[in-house]
Every structure is written in C-alpha cells, then in structure tokens.
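Accompanying notes for the structure given below.
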Amino acid sequence: MDLSVPQAVFSVRRAAVFLLEGTHLNLGEYLSRVRQQAPVIHAISNYVTANDVANLLLACGASPIMADDPEEAVYITRLSAALALNLGTLSRRRVSAMLAAGEEAGRLGRPVLLDPVGAGASPMRTDTARMLLARLPVTALRCNVSELRALLSGVHTHRGVDADRQQAGSLSEQIVFVKGAARQLGCLVAVTGETDLVSDGDICFVIRNGRPEMSRVTGTGCQLSALCAAFLAADPDRSVYALAAAVCAMGLAGEIAWGHMTPHDGNAAYRSRIIDAVYHLDGETLNKGARYELG
C-alpha cells in the first residue's frame with residue numbers, strides 16, 4: 001500500500017468545506033448498543049495503561065480481554081467482537097501478536113482499530129505502524145495529527161505522543177487533510193486534539209467535547225481507542241457514526257468528570273472520575289452533551 005498523500009489533499013483551494021451546524025444525530029444509540037450487547041474486546045494494549053483500558057471497557061458495558069503472546073492472540077481474537085491494537089509499549093513479540101490477531105480478525109470480519117502511539121518518535125514505531133496499516137484490514141485509525149502525518153509521509157517527527165500544534169493548520173485545512181487521509185488509507189480516521197475530527201473520507205465530524213486537563217492523565221488516548229473499538233463492535237454497519245459517538249462520549253466524560261473535581265483533587269482523582277463518568281453515562285446524556293458539526 002502506498003501511504004503517501006497527493007499534494008492536492010493538503011490544498012483547501014481544491015475542495016470546499018461546509019460545516020453543517022445544528023446537525024443532530026442519535027449518537028446515544030451507539031452507547032446503548034454497547035451496553036446491550038456487552039461485546040468482548042481484545043485489546044493488545046500497552047503495559048502502562050492496560051489496567052485503565054480494561055476498566056474503561058468495563059465502564060462502558062464491554063468486556064475486555066488482553067492477550068499479547070503470539071501463541072494465544074489468534075484464539076482470543078476468535079472469541080472477541082473487535083480488536084484494538086495499541087503501539088504504546090512496542091516490542092517485536094507484540095508486533096507478531098498484533099499481526100496474527102489482526103489477520104484473524106480480518107478473516108472473521110471483525111473491526112480492527114489501530115492506535116499508532118508515538119508514530120514519528122522512532123523508526124521502529126513509524127515503520128511498524130505503516131506495516132500494520134499495509135498488511136491488516138484496519139477499520140479505523142485513532143491518532144493525533146503528528147502521528148498521522150508521520151504515517152503518511154514516513155518521516156520521523158520526534159513528536160511522539162504529543163501533537164505538534166504547528167502542523168495543525170486552520171480547521172478547513174484539517175478537515176481536508178483528514179478526509180484525504182481516510183480516502184488514501186482506506187479506513188476511518190479519528191484525529192484527536194483540541195478539536196477532534198472523525199472521517200470516512202466523505203463526511204467529517206468536527207467534535208468539540210473534552211477538557212484540556214485530560215492530557216494530564218496518562219492513558220486517556222488509549223482508553224479512547226478501546227472505547228472506539230467497543231462502539232465499532234456494537235454497530236459495524238454504521239461505523240463512522242459509531243466512531244464519532246465514541247469520541248464524543250469520551251470527551252463528554254472528561255467534561256463531566258472535571259465538574260466533580262474538588263480543590264484537593266489532582267490528575268489521579270481525575271483519572272478515576274473519567275472512568276466513573278463513562279460508567280454512569282447513558283444515551284440520553286450523550287445526545288444532550290455531544291457537541292459536533294458535520295463537515
């Protein structure tokens with residue numbers, strides 16, 4: 001697969017961008033489906049955030065299972081409704097497990113979500129993420145703008161997990177870029193940052209939920225990726241809407257959690273409150289609190 005993006009993708013002169021303000025969809029139904037179906041999510045996560053990822057999945061109504069040994073990964077994938085691959089703590093053994101699990105998920109028609117944590121920070125991370133995109137039937141990519149640019153160009157940006165704000169550009173430029181990336185990669189793309197963008201190449205959700213303090217908690221991105229996998233598993237036929245609903249839900253949970261913070265709380269308390277907010281979130285609250293437009 002050629003992961004390069006034509007220059008036209010970056011030019012807003014060649015594509016008109018329209019934001020349909022006030023658009024209202026029933027995003028809450030996707031959360032309700034997760035709670036009704038309780039999908040098993042196989043998360044090959046990283047050891048820094050694995051516990052929080054598992055608890056977040058339980059909080060949304062899904063059931064986590066984590067197997068990162070190549071000898072076991074295929075069998076666990078067969079038991080699961082979706083697969084979430086996270087490159088946070090990369091090792092060659094995990095890469096082998098990801099390949100085996102991803103190929104099996106593709107054979108079974110299960111959603112595969114890739115979180116290329118730190119792509120651009122090292123040749124191994126960038127090359128591994130590009131290889132997985134080329135070899136696996138990835139349903140959705142969840143990353144920041146720096147990681148996405150590294151994947152498309154193959155250039156090592158050295159930004160890693162932290163997005164480079166100078167690369168973002170105007171909102172119109174970001175929308176065109178993310179749409180073009182989704183078309184080029186042949187998968188859904190969710191780019192998270194100050195404003196979150198979710199696209200299938202044709203439409204683009206511009207999502208404004210969340211709190212800047214969420215970046216002070218290790219693992220919120222990993223948790224979001226697992227949440228996205230759960231939403232995709234619950235409704236794979238309307239995947240771009242399910243993915244947008246998951247991104248809105250995580251951001252809204254961050255807002256709700258921040259509203260319950262006390263003057264003596266810090267990022268450890270905030271971490272727990274985010275998981276609690278997801279636990280108590282329902283479809284009606286998500287519909288009322290989701291803030292987005294379609295571009």
Side-chain angles (χ1 to χ4, degrees), residues 3 5 9 25 27 30-31 34 41 43 45 53 56-57 60 82-88 111-120 129 132-133 136-152 161-163 167-168 171 174-210 214-215 219-236 238-254 278 286 290-295:
L3 298 182
V5 175
V9 168
L25 300 168
L27 296 185
Y30 299 95
L31 174 59
V34 174
I41 306 301
S45 190
V53 167
L56 193 285
L57 285 170
C60 78
L83 173 67
L85 304 177
N86 182 297
L87 270 59
V112 178
L113 183 136
L114 176 63
D115 184 345
V117 180
L132 292 173
L133 277 170
L136 299 180
V138 173
T139 307
L141 179 71
R142 208 292 304 169
C143 57
N144 64 40
V145 65
S146 298
E147 292 162 345
L148 181 57
R149 290 188 183 276
L151 291 180
L152 294 171
V161 174
D162 298 322
Q167 291 186 357
L171 179 58
Q174 291 177 56
I175 291 172
V176 172
F177 172 56
V178 172
K179 281 185 175 182
R183 290 193 295 268
Q184 185 72 19
L185 296 174
C187 66
L188 304 176
V189 174
V191 176
T192 52
E194 292 183 9
T195 301
D196 303 325
L197 303 177
V198 175
S199 180
D200 62 357
D202 293 322
I203 64 172
C204 184
F205 281 83
V206 180
I207 299 170
R208 305 182 187 278
N209 287 110
M214 294 177 76
S215 65
T220 51
C222 302
Q223 292 172 5
L224 171 57
S225 292
L227 187 67
C228 289
F231 276 56
L232 290 170
D235 200 336
R238 296 180 293 175
S239 53
V240 68
Y241 300 102
L243 187 62
V247 174
C248 287
M250 188 68 183
L252 181 58
V278 172
L286 178 54
R291 292 183 286 120
Y292 59 91
E293 302 98 38
L294 287 176

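Across every non-hydrogen atom of Ala290 and Asn209, the tightest pair is CA-OD1, 3.4 Å. Ser45 and Val53 get closest at one heavy-atom pair: OG-CG2, 3.8 Å. Between Ser199 and Lys179 the shortest heavy-atom distance is OG-CG, 3.4 Å. Closest heavy-atom contact between Met250 and Leu56: SD-CD2, 4.5 Å.
To the nearest 0.5 angstrom, Ile41 atom CD1 is 11.0 Å from Cys228 atom SG. To the nearest 0.5 Å, the span separating CG on Leu243 from CG on Leu224 amounts to 8.0 Å. Remark: Leu227 CG to Cys222 SG distance equals 13.0 Å, nearest 0.5 Å. We find the CG-CD distance between Leu171 and Glu293 to be 8.0 Å, quoted to the nearest 0.5 Å. Distance CG/Leu294 to CG/Asp202: 12.0 Å, rounded to 0.5 Å. Here the CD atom belonging to Gln223 is positioned 11.0 Å from the CG atom belonging to Asn86, to the nearest 0.5 angstrom.
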Report the C-alpha separation of Tyr241 and Ile203 in whole Å, then their side-chain angles, then the decisive distance to 0.1 Å, and conclude whether the side-chain contact (heavy atoms from CB on, under 4.5 Å) test is met. CA-CA 10 Å; Tyr241 300 102; Ile203 64 172; 3.9 Å; yes
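Separation of the Tyr292 and Phe205 ring centroids falls under the 6.0 Å cut-off.
When each of Asn144, Leu141, Leu132 is paired with Pro116, the side chain to side chain contact (heavy atoms under 4.5 Å, CB included) condition holds for Leu141 and for no other. The only member of Leu27, Leu31, Leu25 that meets side chain to side chain contact (heavy atoms under 4.5 Å, CB included) when paired with Cys248 is Leu27.
Between Leu136 and Leu85 the shortest side-chain heavy-atom distance falls below 4.5 Å.
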